[in-house]
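Order of appearance sets the numbers: ligands from 1, and atoms from 1 within every ligand. Just so you know, these numbers use all the heavy atoms, side chains as well, and skip hydrogens, waters and symmetry mates.
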Amino acid sequence: MGRTPPVADNHGHVNPVKGLGPREVARRFRRTGGWFMGVVALLTWDLDLRPGDLNDVDRLYRLTIESARVIQGEGVRSVAIIGLHPAECVRLIETGWGLDKVRGYMVKAIDLAAQYIKRGEAVGIGEVGRPHWDVGSDVVKLCNEVIEYALTVAKDLGAVVHLHLERAGEATVKSIVDIVNKVGVRDRGKVILHHASPGMVKPGVENGLTPSVPIGRHGEFEEAIRQSRLIVVESDYIDDPRRPGAVIPPWRILSRVNQLLQLGVVNEDDITSIMVDRIEELYGVKYS
Ligand SMILES: [Zn+2]
């Protein structure tokens, strides 16, 4: 390529309390071709906040929005995606909350996110969804109701939704398509299948959804890109020094892209499409 390929991270986290924080992550990412980062809310307890407290959810959202601003200040275009992870749901149930109470709480957390989106401080809801581990059917039902509510709110706002799901290929996609149809989502591309497995790519794209593939997963990414090129990629970096090897950090995406280019897994046009065109469409940002 001769020049540095543009690098975008559709879904990553930064932890201003316990991790490197937004400034350092942005500087490293910027030095390695990074031009865009979707900053997604962590879990409340990752930031020493209390699950089940809406005031702390508000703090979580504000810290996420502030992180995106700091990243942007370092020369990396950045947007905030705010919401409550399904693990919060499970945690509240474990501490004895009834399902109705949890549902009401998750709805309020989405309503709170909507206020920030309306003011233009955040662009989407996430990550919301279902646990990727086995839970009872009553919890799955509750999570599906939360997904439906999030998609309804996002539809009215024209916002993106980052969905955290189990990775069961076509079955996972079909269950989401059912909810998308029920809600009548108009811009289906704004429904993002975060951490998509290779088996979710083709059915996702065929149904107009956007798979976000973890580029750090060797073998998996190669398999995913063979299914479709209409994807975005993510680091899913969690900025947790205690779990350094969990995923690749955003600043390693460039070397991975160069490797994939050298191996001929992708070409320059693919990279432009994935790293620039799709991101511009999704978030209304401009690469320059
Ligand atoms: Zn994530």
### Query
Can you give me the OE2-the Zn ion (ligand 1)-NE2 angle for Glu127 and His11, to 10°?
90°
### Task
Answer yes or no as to whether an N/O/S atom of Asp236 is found below 2.8 Å from the Zn ion (ligand 1).
yes
### Task
Determine the interplanar angle of the Tyr287 and Trp35 rings, folded into 0 to 90°, and report it as parallel if under 30°, tilted if 30 to 60°, perpendicular if over 60°.
perpendicular
### Distance under 6.0 Å and angle within 45° of ring axis: Arg217 vs Phe221
no
### Query
Any Lys/Arg nitrogen of Arg226 or Glu222 sitting under 4.0 Å from an Asp/Glu carboxylate oxygen of the other?
no
Would you give me the side-chain donor-acceptor pairs under 3.5 Å for residues 78-88, sequence neighbours excluded?
residue, atom, partner, partner atom, Å
Ser78, OG, Met37, O, 3.1
His85, ND1, Ala87, N, 2.9
His85, NE2, His164, ND1, 3.4
Glu88, OE1, Thr44, OG1, 3.0
Glu88, OE2, Thr44, N, 2.7
Glu88, OE2, Thr44, OG1, 3.1

### Task
Assess His195: does it contribute an N, O or S atom lying under 2.8 Å from the Zn ion (ligand 1)?
no
